Amino acid sequence: MSRFFATGSDSESETSSEEEQIVKQTATFTFSDDEEDTKRVVRSAKEKRYEELTNLIKQIRNFKKIKDMSSMLNSFEDLMRAYQKAQPVINKEENGQTPKFYLRCLVEVEDFINEMWEDREGRKNMSKNNSKSLASLRQKLRKYNKDFEEDISKFRENPDAGDEEEEQPKEVEDDSEDEEAGPPSYDRRVISGGSGPESKPTKVIPDDEGSDDDSIDWGSGSESSSESSDDEGQYQSIRERFLKKTTDREEEEKKEKKKERKEKERKKKKDEEEDGEGEWETVKGGVAIPSEKPKMFAKDAEIDMNLVLKKLSEIVAARGKKRTDRREQIELLHELASVADAHHLGPAISTKIRLAIISSIFDYNPKVSDAMKPEYWSKLLDRISEALDLLLATGDIVIGENITEETEVFDKAPYRVRGCALTIVERLDEEFTKLLKECDPHSNEYVQRLTDEKRVCAIVDKVQQFLEKQGNPSDLCRIYLRKVEHLYYKFDPLVIKQKKGELDANLTTSIQIMDKLCKYIYDKDVTDRLRTRAILAHVYHHALHDHWFQARDLILMSHLQESIQHSDPSTQILYNRTMAHLGLCAFRHANIKDAHNCLVDLMMTGKTKELLAQGLMPQRQHERSKEQEKVEKQRQMPFHMHINLELIECVYLVSAMLIEIPYMAAHEFDARRRMISKTFYQQLRSSERQSLVGPPESMREHVVAASKAMRNGNWKACADYIINDKMSAKVWDLFFEADKVRSMLIRLIKEESLRTYLFTYSHVYASISMVTLGKMFELEKPVVHSIISKMIINEELMASLDDPSQTVVMHRSEPSRLQSLALQLADKVNNLVDSNERIFEMKQGSFFLRGGNQGTFRQNYSRPGQDWGRNRREREQQRAY
């Protein structure tokens with residue numbers, strides 16, 4: 001009798017009665033293809049919560065493998081919320097202890113995030129979204145792990161201690177993996193053990209597809225022993241009928257389909273290999289690693305010059321191709337160089353291979369705008385130094401771009417090799433600048449990288465020696481300019497000592513070196529660009545070492561101010577830097593007007609940082625495109641070449657104050673007064689608009705407060721605002737010999753305050769004693785006499801000097817304030833009258849054009865005795881006749 005359906009058997013055995021009970025309960029079930037694998041499982045709250053946690057942990061580990069930081073961040077946020085929901089269950093089951101599998105996940109994520117954060121190269125190659133997600137995940141994880149610090153530290157001490165406790169979540173995870181993997185390869189049969197007190201629990205029994213064993217474990221030994229062979233045959237037929245077990249024919253069809261699929265895949269792979277695209281390869285560091293390294297030479301090959309050159313041409317021919325492994329190419333060239341050196345094939349071959357190595361290292365970086373990796377940078381310096389040492393040691397090797405491969409000579413002296421040492425040095429210099437701009441300027445990495453400049457300058461000197469032997473003037477001009485650009489911005493204290501006479505006059509300093517190199521370029525250069533850059537660098541170096549007159553004469557004789565706008569952007573940047581230092585030099589020499597004139601063009605635009613290539617100002621949207629911004633960033637100067645912007649602005653504002661304040665006092669009531677410094681005027685106006693002016697804090701506020709004090713003739717307050725500890729720390733201490741600059745400033749403030757005082761209060765005095773003025777402004781009597789004499793000669797002050805009494809006698813007093821305002825009102829009325837006349841004439845002309853009556857016009861619009869417009873025109877006509 002079947003266990004599933006009653007067949008009407010008359011057996012009265014215990015087994016048959018149990019079967020009848022089973023039939024009554026299970027007869028209502030019908031099996032279909034959709035309901036075949038369905039089962040109902042009752043799970044506890046712990047299993048549910050733990051399964052949710054383990055599924056999220058598995059997702060995080062998967063995203064960690066592919067480094068998908070955005071998805072990993074979302075999964076981690078879900079994990080935190082799931083753990084919060086599972087907190088009551090954890091407190092109940094684990095007695096408040098954090099599960100070990102959860103701690104393991106937090107530790108893994110923390111280690112992974114720290115590793116990713118330290119890998120700077122990897123972060124640069126990340127997408128913007130992944131990089132942002134990494135920063136957010138790092139911040140959230142650090143904040144979240146603070147609640148588990150003690151548990152995590154204990155777990156790190158003994159990470160394997162909690163493996164036994166992780167059995168439960170592991171089982172749940174395995175189940176979840178089985179469910180995610182899709183339907184299993186075996187059928188599931190649900191067997192019910194009855195409904196009585198002795199009924200057995202539901203059990204799931206797997207059955208393999210290809211198995212012929214039809215025996216079923218019913219969960220009871222008595223039941224299985226009471227079964228007969230007839231029943232077994234019936235069970236088999238019912239199972240084949242209702243559970244649709246796969247027949248032998250279906251199995252054969254599946255096998256055939258698998259074979260066809262494998263054949264298709266094999267053909268597809270074959271086609272890909274013929275097209276040049278093979279299987280996927282393991283990638284490490286962004287470059288495909290070949291399965292086998294190609295052999296350099298055969299074992300029995302006789303290595304000679306031709307074989308090495310042939311191998312070299314093979315390696316170099318792969319340069320630039322799509323699937324070329326750049327790292328492997330560099331290694332092969334190194335190996336070829338060692339083979340050539342071991343067999344003593346000559347210096348020309350070694351030079352040729354090293355030049356190829358240098359080119360391959362330059363080509364390693366696929367993006368031209370990106371900086372080279374530090375490891376390859378050090379290799380590049382070593383290979384260039386080796387090649388130049390070999391060239392200088394041999395002495396009979398000629399390299400040049402005009403040498404073709406057919407005309408190269410490797411077997412006898414003089415050797416001829418195709419290449420260009422000058423191009424290598426120029427490219428090396430550009431890479432060095434990129435490396436510096438890539439580093440954070442306030443880090444030790446920048447300082448460490450800056451130490452490589454010694455090696456770069458040594459390479460430049462070696463190329464200079466090599467080119468001087470060849471004697472090509474155009475190449476020498478280029479290498480001299482490259483040396484000048486490494487030297488012009490560096491301050492040499494020996495120059496100042498030599499200027500003071502503390503050192504021997506015949507000692508060679510940077511001034512003499514610059515003079516020699518620049519004069520050669522002035523004489524031999526045939527391109528205007530090199531000469532222009534040499535002049536600007538020469539002026540910069542003179543100004544840096546306080547050679548004011550030499551720098552001023554050189555810049556004036558060059559007439560670069562007239563044609564610099566036609567130069568390339570880098571030359572214009574150099575011009576701006578030169579003018580900035582020229583202005584600082586003029587200020588140190590107390591030439592205030594010259595300093596103001598040098599700096600005014602830089603400061604008027606408000607874009608000093610951009611003009612000096614020291615950074616980009618934030619602009620509105622659409623004012624600068626991404627391409628334009630990228631190009632401008634490439635033009636930026638390295639940090640160690642920057643000029644202090646606050647120093648430039650302070651010098652400019654102080655110079656403007658010393659010029660503008662006396663001028664404002666002299667032309668107080670002049671309606672047509674012109675502005676000398678627009679930027680300084682804006683600072684004064686913004687201060688006047690403020691309802692409450694507090695004590696000065698910034699550099700600009702100090703200069704404005706000093707200007708107001710000078711306007712009133714109070715030189716002491718003005719000097720205190722300009723010269724104090726705060727301003728000295730920000731600005732004045734940056735000067736060489738800062739004490740001299742401070743004393744010079746105090747002297748100028750006294751003199752200009754005296755001039756301002758005389759302009760402001762001269763109408764009050766009939767005469768004033770020069771001795772009194774000297775005491776007021778703490779100036780010596782000859783200085784006061786000189787200042788007043790200049791003012792009288794320039795007709796700035798209407799007065800005369802009485803030498804016996806040492807007084808200044810005022811000839812005429814300036815108009816009072818009321819008189820000045822009346823004069824201003826008269827000027828404004830005259831302007832108004834003139835404008836009304838012009839309007840009147842325009843209306844009159846338009847009336848006549850419309851055909852109006854002149855008599856009627858006069859009758860309506862003119863009054864007797866007040867036709868001043870017509871009378872004036874008549875007078876002008878009479879005067880013309």
Side-chain angles (χ1 to χ4, degrees), residues 592-593 653-677 680-681 683-685 687-688 693 702-723 745-827:
I592 302 301
K593 288 185 178 179
L653 291 176
V654 170
S655 302
M657 177 191 75
L658 295 173
I659 297 171
E660 191 81 52
I661 295 299
Y663 179 79
M664 290 171 61
H667 302 83
E668 182 179 3
F669 304 109
D670 189 356
R672 298 177 181 178
R673 183 181 66 198
R674 61 184 178 84
M675 285 190 301
I676 298 175
S677 174
F680 180 72
Y681 241 82
Q683 296 296 330
L684 286 181
R685 290 288 176 86
S687 176
E688 289 172 0
V693 181
H702 275 84
V703 176
V704 170
S707 302
K708 292 179 179 178
M710 180 183 282
R711 183 71 182 81
N712 297 324
N714 188 355
W715 73 269
K716 287 186 178 178
C718 178
D720 290 340
Y721 282 127
I722 296 294
I723 309 295
L745 263 178
I746 293 174
R747 177 176 60 82
L748 289 176
I749 288 171
K750 290 177 181 178
E751 293 176 359
E752 297 303 324
S753 298
L754 172 59
R755 295 180 75 243
T756 306
Y757 184 82
L758 291 174
F759 284 134
T760 307
Y761 302 108
S762 59
H763 65 278
V764 178
Y765 293 97
S767 63
I768 185 169
S769 172
M770 285 190 288
V771 177
T772 305
L773 289 174
K775 289 180 180 178
M776 285 175 62
F777 293 95
E778 296 185 8
L779 291 171
E780 296 179 359
K781 190 173 71 173
V783 177
V784 175
H785 188 280
S786 173
I787 292 170
I788 295 174
S789 299
K790 287 180 182 177
M791 293 175 70
I792 293 172
I793 293 170
N794 295 331
E795 297 182 356
E796 294 175 339
L797 185 66
M798 297 302 173
S800 61
L801 292 175
D802 187 13
D803 286 336
S805 61
Q806 293 294 315
T807 57
V808 182
V809 180
M810 305 299 174
H811 285 179
R812 68 175 182 86
S813 60
E814 296 291 330
S816 64
R817 182 171 183 80
L818 181 60
Q819 293 170 343
S820 301
L821 293 175
L823 291 173
Q824 290 182 14
L825 180 61
D827 289 338

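For this chain, numbers begin at 1 and follow the sequence in order. The figures that follow rest on heavy atoms only: side chains count, while hydrogens, waters and symmetry mates do not. Keep in mind it's a predicted model, so treat the numbers as computed, not measured.
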Review point. Tell me, do Trp715 and Met710 make a side-chain contact under 4.5 Å, heavy atoms counted?
Key: no
Point to revise | Heavy-atom pair with the smallest gap, counting every atom of Pro662 and Met657 | key: CD-O, 3.9 Å
**Study point:** Intermediate values then yes/no, side-chain contact (heavy atoms from CB on, under 4.5 Å), Ile787 and Arg755
**Key:** CA-CA 8 Å; Ile787 292 170; Arg755 295 180 75 243; 3.6 Å; yes
Point to revise | Heavy-atom side-chain contact between Phe759 and Met791 under 4.5 Å | key: yes
Exercise for review: Calculate, to the nearest 0.5 Å, the distance between atoms CD and CD belonging to Gln683 and Glu688 respectively.
Suggested key: 12.0 Å
Review point. Is there side-chain contact between Phe680 and Arg685, with at least one heavy-atom pair below 4.5 Å?
Key: no
**Study point:** Non-hydrogen atoms of Ala719 and Ile749 that approach each other most closely
**Key:** CA-CD1, 4.0 Å
Practice item. Report the C-alpha distance between Ser805 and Asp802 in whole Å, list the side-chain angles of each, state the deciding distance to 0.1 Å, and finish with yes or no for side-chain contact (heavy atoms from CB on, under 4.5 Å). Key: CA-CA 6 Å; Ser805 61; Asp802 187 13; 2.6 Å; yes
Point to revise | Closest non-hydrogen atom pair between Val693 and Ser687, with its separation | key: CG2-O, 3.8 Å
Review point. Counting only N and O atoms by type, is there a donor-acceptor contact under 3.5 Å from the side chain of His785 to the main-chain atoms of Lys781?
Key: no
Exercise for review: Heavy atoms only: give me the nearest Ile722-His702 pair and the separation to one decimal.
Suggested key: CD1-O, 4.5 Å
Exercise for review: Check whether any side-chain heavy atom of Leu797 sits under 4.5 Å from a side-chain heavy atom of Ser762, and report yes or no.
Suggested key: yes
Check your understanding: Shortest non-hydrogen contact from Gly774 to Val784?
Key -> CA-CG2, 3.8 Å
Check your understanding: Between Ser769 and Val771, is there a donor-acceptor pair closer than 3.5 Å when you use the side chain of the first and the backbone of the second?
Key -> yes
**Study point:** Interatomic distance, Glu780 atom CD to Lys750 atom NZ [nearest 0.5 angstrom]
**Key:** 9.5 Å
Check your understanding: Hey, does the side chain of Glu660 reach the backbone of Ser677 with a donor-acceptor pair shorter than 3.5 angstrom?
Key -> yes
Check your understanding: Has Tyr721 got more than 12 heavy atoms of other residues, nucleotides or ligands less than 6.0 Å from its OH?
Key -> no
**Study point:** Under 3.5 Å: donor-acceptor pair, side chain of Thr760, backbone of Thr756
**Key:** yes
Review point. Side chains of Leu825 and Leu821: closer than 4.5 Å at any heavy-atom pair?
Key: no
Review point. With a 4.5 Å heavy-atom cut-off, do Asn714 and Ser753 have their side chains touching?
Key: no
Review point. Which pair of non-hydrogen atoms, one from Leu745 and one from Ile723, has the smallest distance, and what is that distance?
Key: CD1-CD1, 3.8 Å
Exercise for review: Go through the steps to decide whether Lys593 and Ile659 satisfy the test side-chain contact (heavy atoms from CB on, under 4.5 Å), and finish with yes or no.
Suggested key: CA-CA 7 Å; Lys593 288 185 178 179; Ile659 297 171; 4.0 Å; yes
Check your understanding: When the ring centroid of Tyr761 is compared with that of Tyr757, is the distance short of 6.0 Å?
Key -> yes
Review point. Is the shortest heavy-atom distance from the side chain of Glu778 to the side chain of Lys716 under 4.5 Å?
Key: yes
Exercise for review: Check for a donor-acceptor pair, side chain of Glu796 on one end and backbone N or O of Ala666 on the other, with a separation under 3.5 Å.
Suggested key: no
**Study point:** Any Leu773 side-chain heavy atom under 4.5 Å of Gln806 side chain
**Key:** no
Exercise for review: Take Ile768 and Met810 through the side-chain contact (heavy atoms from CB on, under 4.5 Å) test and state the conclusion after the steps.
Suggested key: CA-CA 8 Å; Ile768 185 169; Met810 305 299 174; 4.1 Å; yes
